[in-house]
Every structure is written in C-alpha cells, then in structure tokens.
**Q** 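What follows is a single structure, and I will ask about it in a moment.
The structure displayed is predicted, hence computed values, not measured ones. As a basis for the values below, the full set of heavy atoms in this structure was taken, side chains included, without hydrogen atoms, waters or symmetry mates.
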Amino acid sequence: RGDGGGGLPPLQAPARRGWWLPLAPLASVRSPTAGEEVLVFRTSLAHNAERLLQLEPLRLEPLAATPSGRRQEGEAALVIDASVKYQTFLGFGGSFTESSAQLFARLGPANQDRVIDAYFDASVGLGYRLGRLHINSCDFSEGNWSCCRAEGDLQLATFGLERYERTIFPFLRSAVRAAKRPQPLAAAAGGAGGGDAAPPLALVASPWSPPGWMKDTGRMTDGGRLKPECRAAWAQFYVRFAKDMEAAGLPLWALTVQNEPMAKTPWENCLYSAEEERDFVRDHLGPALASSCLDLKLLIWDHNRDEMFARARAIYADREAAAYIWGTAFHWYGDPRHESWPDKGGQVCFDNVAKVHDLRPDKHLLMTEACQERGAHKGEWSLGERYAESIIRDLNNWTEGWIDWNLVLDETGGPNHVGNLCSAPILVDPEHDLVLFQSSYYYIGHFSRFIRPGARRLLCAASRDNLESTAFENPDGSIVAVVLNRRDVSTSLQLEVSGRVAAASAPKRSITTFLLRPPLTDD
C-alpha cells in the first residue's frame, strides 16, 4: 500500500438500528433447468433496489431455432466455451484484523450475526471460504505488539496467543461455524487443500514485522531488516504460531513469508530484497516448516503486482528455495486512477499475474489484500466497480483465490494506529449499533455467491470493450458468467454457450451474474 476521503452518501441510509439489505438465500433459488433456463442477478447504480437482485430468468434457445440458424454477426455477445478449462478456484475471503475484531465485539448480538452471515454463510451471504490474519501487530491493531513478550527471547519461552484469544479468535470462531453450514452450488469437491477434505475456512497468516529486537533498527515500524543472528529464531516463530493456532482449534492452511517486503512505512514492516527472501526461505523458514510436520502452504512476495514477476523469477530460479514454495501472493495496490502515490505511468500491472503463471505453471497464485486507501469511501459506487474490475482481471490471469483486507471498519475507515484509513465492504457504527453495506460488498457477491470452491474457469470472450467478463463451471455442473459494465452506455448482448443463445443485457454502471446449466450434449 501507499500512504493512508470522504465520499457520497451511503448506499443505505440507516433508517433504523442495524438496517441492512437482506439477500435472497441461494438455497431458495430454483436450480436452472438443464439447457433452457438462465438465472439472472444484478446490481446497478440506476436502480437502488437492484443489489444482487434476482431478475426474471432468461431462456436459452438452440442456435438452430434462430431465423438464421446462428447468432447474428455484429451483435454484442458473450461467448462461453465450456470445453476449455483453466485453474481450479479456491474461494474468496477477508481479513481478521484486530481492529475488525474489536469493532465486531462492540456490536449487538443481532448485528454480530448479520455480519457473520453476510460474509460466511453461503446461502444468505458471500460464502467466504478464505481468511487472513496478521502474525504480531499490523497497522490495523491497537499499537505495536508481538506474540513474544520478552526482548531477546530467542527460545520463544514467552510466546503466546493471549491477545488473539481476547478479540480475534471469538470473531474467527464465529466465522468458522458459519462456514461449516451447507453450501449451495457445491458438490463434493475440494476448495483450499486440493483433493483433500477442504477446511471450512482456509486461513492464511502473514507477519508485518518481527519483534523490534530481531531487526537491525530495533523497531517494528519504519523499515529495518531481520538481523542475521535472529533468522533461525524468526523461522521458529512461524512454526510456533502455526502450532498454537492448531492447539486453539483454528489450524492454518498457509503462510506468507512477509507482508509487503518492499514497503518502508510508518506502520509495521520488515524489508527483504529478493535475495534475502530467497535465502531466508531456503536456509531457515522452509526447513523449519518441513521439520515441523505442519502441512502448510508457503507463499512468497505478498506485495503489489508491479514487482511480482521480478521477485518470483529471482526466487524460483533457486531450485532448493523453490521446492519449499507453494506459490506467489500479491496485493492490488498501485493504480493511479485510485491512489495518489503510484507512478503516473501506472503500477497496477494486471498482466504480471499471468506472467508469473507462465514462469512457473506448477506454482499457485493468491490475491491476499485489497482496499481503497485514504478513508472509508462510504457510499462510493466506483469502489465496487474497482473491485469487480480487479477480480475479473485477476481470475482471468490464473489467480486461484481472492482475499479482501479488513472485514469490518468504522465510518472513518479505522481504527488504525497510524491513521492509515481505508475502505471495507461493511462499515459499522458501534455507538448506534449500525451496519452499513457498501458497493464493494455487493460487487464481490456477484462472484463469491456463485463461483464456489472447486470451480474451474472457462474460456469466454466478449465482443464489446465495455463488457468485462469471466466464467466458471461449478462442481455441480452449473456455469456462472459475470459481466461488468463500468461505462455510461447500456448494452444488449447475446449470451452464447453450448450451442444455445439467450438475449441478455448489461445496463450502464452495472454488474450482472448469469447462472445456467448446460445440456448434456450439444444439439
């Protein structure tokens, strides 16, 4: 991220305590008839009631039944080829920061349930199946702190997760319980964890900084590097954190080496060059995890797309280091359309994600942090559109999982101990027990409610620049297509799949999800 705005009125003016817009439970949605029916769900700027609203279904007609026997050439179209498949998707998720957990704890019981259901229940909410949490403090914590309480404790004798037990774990346990509920649109297929039984909520843990005494600056903030004499102890720190999480009944699924290893910021950080990260993985962290018998995925980088190819190339070139690495994590920051700090030439670099895949197709890609900087951006419609653009581009570039930043923040975009305020899909006012759902919540939902863990990405293409799209086949055989239109021009289009076509539309400033079940054989 760069340095840490106001906005338009909120999408939902809170007319009463805890006001929110409930979603139609997916479990109550009738499954589309094979080869005929297309279910349609829409969110649009023009119609305030359209927030993941189910519209009248469309009907797929055989192309042979059309007057010309084929789709009219020149018409706008989204064409899906279900015979061409790409990566298997793990799921969507959000992050359990200390700030989010403290805000959640201050809500009334009814609104706590609403937040949990809205994110983690697959029938009435977003169906999140991934989560991220910080090892030691981060900027969205109550000051600087470490799991290891005593300075110079290389044996980790004073290590403990008591601080997590006070705030983060209650929030996390509520989420895990909700994630265990039955999932619509899912068959017996793995999400995170591959072919093994997938955890209800796959957790990724990332350190922002080692304890200050392990760094050459003596501080957790403002840069600094890991001391050479502390590398072995710091590697054991990850192992101890993972083992204590498991003992708490909250086992981790993955670790990243370091959050944003090139960022020198006023909040917690630790700098690693590509060579330093490579050597730490090869000589310390990789062997420590291997000898621990913990079945954990290890991801490098965990920073922005601009430098992810260079970092992955440098580390994967070392065969010994690469053997310990499951994949590359990345963040979405660096877009001068939305942030003030990037180079005006642009550092969003969407295509670098696919280039890392091309570099090592056997490795994996996980987007691990996204938010809009410089305030909560309450009520801003463009926030949701930025999310949808990023999700579509990342998924189409081989990303296997997509994790948002803070699950819950207040109406200022905090609390943050250095004032690095930002957005969250759900904002809360604990003093008045209010929950405010933002545009990003609904835009994420157009993907996460329908693209289930274990889904395979399909080949699809649109014939208009304003139709940004992606398509997936779920484990139950249903096909999901998501179409984003960020422009002020509405477009009628033909949806074509498996030799059938349906007349559809993508209104201006809208996002639409199409859910269908193709025939067993083409006509």
**Q** Would you check if N144 and H417 make a side-chain contact, meaning some heavy-atom pair closer than 4.5 Å?
**A**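 A side-chain contact under 4.5 Å exists here.
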**Q** In terms of the angle between their ring planes, are W402 and W332 parallel, tilted or perpendicular, with boundaries placed at 30° and 60°?
**A**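 Ring orientation, 0 to 90° scale: perpendicular.
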**Q** With S423, which residues qualify under side chain to side chain donor-acceptor pair (under 3.5 Å), at least two apart?
**A**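 S423 satisfies side chain to side chain donor-acceptor pair (under 3.5 Å) with no other residue.
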**Q** Is any side-chain heavy atom of W234 closer than 4.5 Å to a side-chain heavy atom of P211?
**A**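 Counting from C-beta outward, W234 and P211 do come under 4.5 Å.
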**Q** Picking from V428, L434, D429, what satisfies side-chain contact (heavy atoms from CB on, under 4.5 Å) with E431?
**A**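 It is D429; the other options fail the test.
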**Q** Can you check whether T265 reaches D139 side chain to side chain, under 4.5 Å on heavy atoms?
**A**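 Not in contact.
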**Q** With sequence neighbours left out, what residues match F447 under ring-ring contact (aromatic ring centres under 6.0 Å, His included)?
**A**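 If we apply the ring-ring contact (aromatic ring centres under 6.0 Å, His included) test to F447, skipping adjacent residues, there are no hits.
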**Q** Can you list everything that forms a ring-ring contact (aromatic ring centres under 6.0 Å, His included) with F330? Sequence neighbours excluded, please.
**A**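 Partners of F330 under the ring-ring contact (aromatic ring centres under 6.0 Å, His included) test: none.
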**Q** Do the side chains of R282 and E275 get close enough for a salt bridge, i.e. N-O under 4.0 angstrom?
**A**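 Salt bridge between R282 and E275, a charged N being under 4.0 Å from a carboxylate O: no.
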**Q** Within a strict 4.5 Å, meaning less than it, do heavy atoms of the N474 and F472 side chains meet?
**A**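 In short, these two side chains do not touch, never coming nearer than 4.5 Å.
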**Q** Walk me through whether E162 and R149 qualify under salt bridge (charged side-chain N to carboxylate O under 4.0 Å, His left out).
**A** CA-CA 11 Å; E162 294 83 3; R149 295 182 297 278; 3.4 Å; yes
**Q** Walk me through it: do F241 and Y164 pass the test ring pair (Phe, Tyr, Trp, His ring centres under 6.0 Å)?
**A** CA-CA 11 Å; F241 186 88; Y164 292 81; 5.4 Å; yes
**Q** Does the S99 side chain pair with the main chain of P415, one donor and one acceptor, at a distance under 3.5 Å?
**A**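 At least one qualifying donor-acceptor pair exists.
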**Q** To the nearest 0.5 Å, tell me how far S206 OG sits from N136 CG.
**A**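 Reported to 0.5 Å precision, the distance equals 12.0 Å.
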**Q** Testing the 3.5 Å rule here: is there a donor-acceptor pair between the side chains of Y333 and E369?
**A**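 Distance-only check passes for Y333 and E369.
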**Q** Using 30° and 60° as the class boundaries, would you call the ring planes of F104 and F171 parallel, tilted or perpendicular?
**A**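 Ring orientation of F104 relative to F171: parallel.
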**Q** Taking N352 for its side chain and M308 for its backbone only, find out whether a donor-acceptor pair lies under 3.5 Å.
**A**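 Absent.
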**Q** Of T399, I451, N396, which meets side-chain contact (heavy atoms from CB on, under 4.5 Å) against R457?
**A**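 So, applying the side-chain contact (heavy atoms from CB on, under 4.5 Å) to R457 and each of T399, I451, N396, only N396 qualifies.
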**Q** Enumerate, atom names and distances included, each donor-acceptor pair closer than 3.5 Å involving a side-chain atom of residues 218-232, sequence neighbours excluded.
**A**
residue, atom, partner, partner atom, Å
R225, NE, E276, OE1, 2.9
R225, NE, E276, OE2, 3.1
K227, NZ, W213, O, 3.1

**Q** Give the C-alpha distance, both sets of side-chain angles, the deciding distance and a yes or no for salt bridge (charged side-chain N to carboxylate O under 4.0 Å, His left out) between E165 and R173.
**A** CA-CA 10 Å; E165 283 286 1; R173 289 187 177 109; 3.2 Å; yes
**Q** Before you tell me yes or no, could you show the steps for M367 and V353 under side chain to side chain contact (heavy atoms under 4.5 Å, CB included), namely the whole-Å CA-CA distance, both residues' side-chain angles and the distance that decides it to 0.1 Å?
**A** CA-CA 10 Å; M367 207 298 300; V353 180; over 6 Å; no
**Q** Under the 3.5 angstrom rule, does the side chain of Q258 hit a backbone N or O of W208 as a donor-acceptor pair?
**A**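 Checking the backbone N and O of W208 against the side chain of Q258, a donor-acceptor pair under 3.5 Å is found.
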**Q** Apply ring-ring contact (aromatic ring centres under 6.0 Å, His included) to F309 and list each qualifying residue two or more places apart in sequence or on a separate chain.
**A**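 F309 satisfies ring-ring contact (aromatic ring centres under 6.0 Å, His included) with no other residue.
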**Q** For Y119, what residues pass the side chain to side chain donor-acceptor pair (under 3.5 Å) criterion, not counting sequence neighbours?
**A**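 Per chain and number, Y119 pairs via side chain to side chain donor-acceptor pair (under 3.5 Å) with no residue.
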**Q** Sequence neighbours excluded, which residues qualify as salt bridge (charged side-chain N to carboxylate O under 4.0 Å, His left out) partners of R311?
**A**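 Result, salt bridge (charged side-chain N to carboxylate O under 4.0 Å, His left out) vs R311: E277.
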**Q** Keeping the roles fixed (side chain from E307, backbone from W301), state whether a donor-acceptor pair exists under 3.5 Å.
**A**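 No; judged by distance alone, with no hydrogens or angles, the pair does not exist.
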**Q** Atom SG of C422 and atom CZ of R374: how far apart are they, to the nearest 0.5 Å?
**A**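 Here the rounded value is 12.5 Å.
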**Q** Once salt bridge (charged side-chain N to carboxylate O under 4.0 Å, His left out) is applied, what residue pairs with a partner in residues 396-422 remain, sequence neighbours excluded?
**A**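 For residues 396-422: K378-E411.
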**Q** Find the distance between CZ (R278) and CD1 (I325) and round it off to the nearest 0.5 Å.
**A**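 These two atoms lie 10.5 Å from each other.
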**Q** Looking at S448 and L126, would you say the former's side chain and the latter's main chain have a donor-acceptor pair under 3.5 Å?
**A**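 Answer holds: yes.
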**Q** Classify the side-chain pair T328/Y316 by whether it contains a donor and acceptor separated by less than 3.5 Å.
**A**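 Checked: T328/Y316 side chains pair up, N/O donor to acceptor below 3.5 Å.
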**Q** Heavy-atom distance under 4.5 Å between the side chains of C147 and F237, does that happen here?
**A**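 The answer is yes; the side chains approach within 4.5 Å.
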**Q** Any non-hydrogen side-chain atom of L255 less than 4.5 Å from a side-chain atom of L289?
**A**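 Yes, side chains in contact.
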**Q** Residues in ring-ring contact (aromatic ring centres under 6.0 Å, His included) with Y443, at least two apart?
**A**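 Listed in chain order: W381.
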**Q** Report yes or no: does S291 contribute a side-chain atom to a donor-acceptor pair with the main-chain N or O of A288 at less than 3.5 Å?
**A**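 Side chain of S291 to backbone of A288: a pair is present.
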**Q** When you check the side-chain N and O atoms of N420 and W267, is any donor under 3.5 Å from an acceptor?
**A**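 N420 vs W267: no donor-acceptor pair found between side chains.
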**Q** Quickly, which of R181, R177, R129 forms a salt bridge (charged side-chain N to carboxylate O under 4.0 Å, His left out) with D121? Name it, please.
**A**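 Checked R181, R177, R129 against D121; only one passes salt bridge (charged side-chain N to carboxylate O under 4.0 Å, His left out): R181.
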**Q** Using the salt bridge (charged side-chain N to carboxylate O under 4.0 Å, His left out) rule, collect all pairs that involve residues 330-356, keeping only residues at least two apart or in two chains.
**A**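 For residues 330-356: D335-R337, R337-E389, E339-R386.
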**Q** With distance as the sole test, does S390 use its side chain to make a donor-acceptor pair with the main-chain N or O of Y387 at under 3.5 Å?
**A**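 No, S390 side chain to Y387 backbone: no donor-acceptor pair under 3.5 Å.
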**Q** Taking Y441 for the side chain and A118 for the main chain, is one N or O donor matched with an acceptor at less than 3.5 Å?
**A**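 Judged by distance alone, yes, a pair lies under 3.5 Å.
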**Q** Mind telling me whether F120 and Y128 have parallel, tilted or perpendicular rings, with 30° and 60° as the class edges?
**A**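 Judged by the thresholds at 30° and 60°, the geometry between Y128 and F120 is perpendicular.
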**Q** Closer than 3.5 angstrom, by distance alone: can the side chain of T470 be matched with the main-chain N or O of I392 as a donor-acceptor pair?
**A**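 No, because the side chain of T470 does not come within donor-acceptor range (under 3.5 Å) of the backbone of I392.
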**Q** To the nearest 0.5 angstrom, please state how far the NE2 atom of H446 sits from the CG atom of L484.
**A**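 Between H446 NE2 and L484 CG, I get 10.0 Å after rounding to 0.5 Å.
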**Q** Tell me, yes or no, whether the heavy-atom count around R313 atom CZ, taken from other residues, nucleotides or ligands under 6.0 Å, exceeds 12.
**A**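 No, because the 6.0 Å sphere around CZ of R313 holds 12 heavy atoms or fewer from other groups.
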**Q** So, the side chain of S146 versus the backbone of C148: is there a donor-acceptor pair under 3.5 Å, distance only?
**A**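 At least one qualifying donor-acceptor pair exists.
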**Q** Rounded to the nearest 0.5 Å, how far does CG of L366 lie from CD1 of I403?
**A**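 So the gap between those two atoms works out to 4.5 Å.
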**Q** Does the side chain of D302 come under 3.5 Å of the side chain of T256 through a donor N or O and an acceptor N or O?
**A**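 Note: D302 and T256 side chains meet the donor-acceptor criterion.
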**Q** Does some side-chain heavy atom of N269 sit less than 4.5 Å from a side-chain heavy atom of E260?
**A**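 With C-beta onward as the side chain, the pair stays apart.
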**Q** Will you find, in the side chains of N397 and R305, an N or O donor that is under 3.5 Å from an N or O acceptor?
**A**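 On atom types as modelled, these side chains do not qualify, holding no pair under 3.5 Å.
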**Q** Could you give the distance from CG (D433) to CG (L107), rounded to the nearest 0.5 Å?
**A**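 Going from the CG atom of D433 to the CG atom of L107 covers 5.5 Å.
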**Q** Scan for salt bridge (charged side-chain N to carboxylate O under 4.0 Å, His left out) pairs involving residues 89-104, sequence neighbours excluded, and state none if there are none.
**A**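 Every pair satisfying salt bridge (charged side-chain N to carboxylate O under 4.0 Å, His left out) with a residue in residues 89-104: E98-R163.
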**Q** Looking at residues at least two apart in the chain, or sitting in another chain, which of them share a side chain to side chain donor-acceptor pair (under 3.5 Å) with T158?
**A**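 By the side chain to side chain donor-acceptor pair (under 3.5 Å) rule, T158 matches D153.
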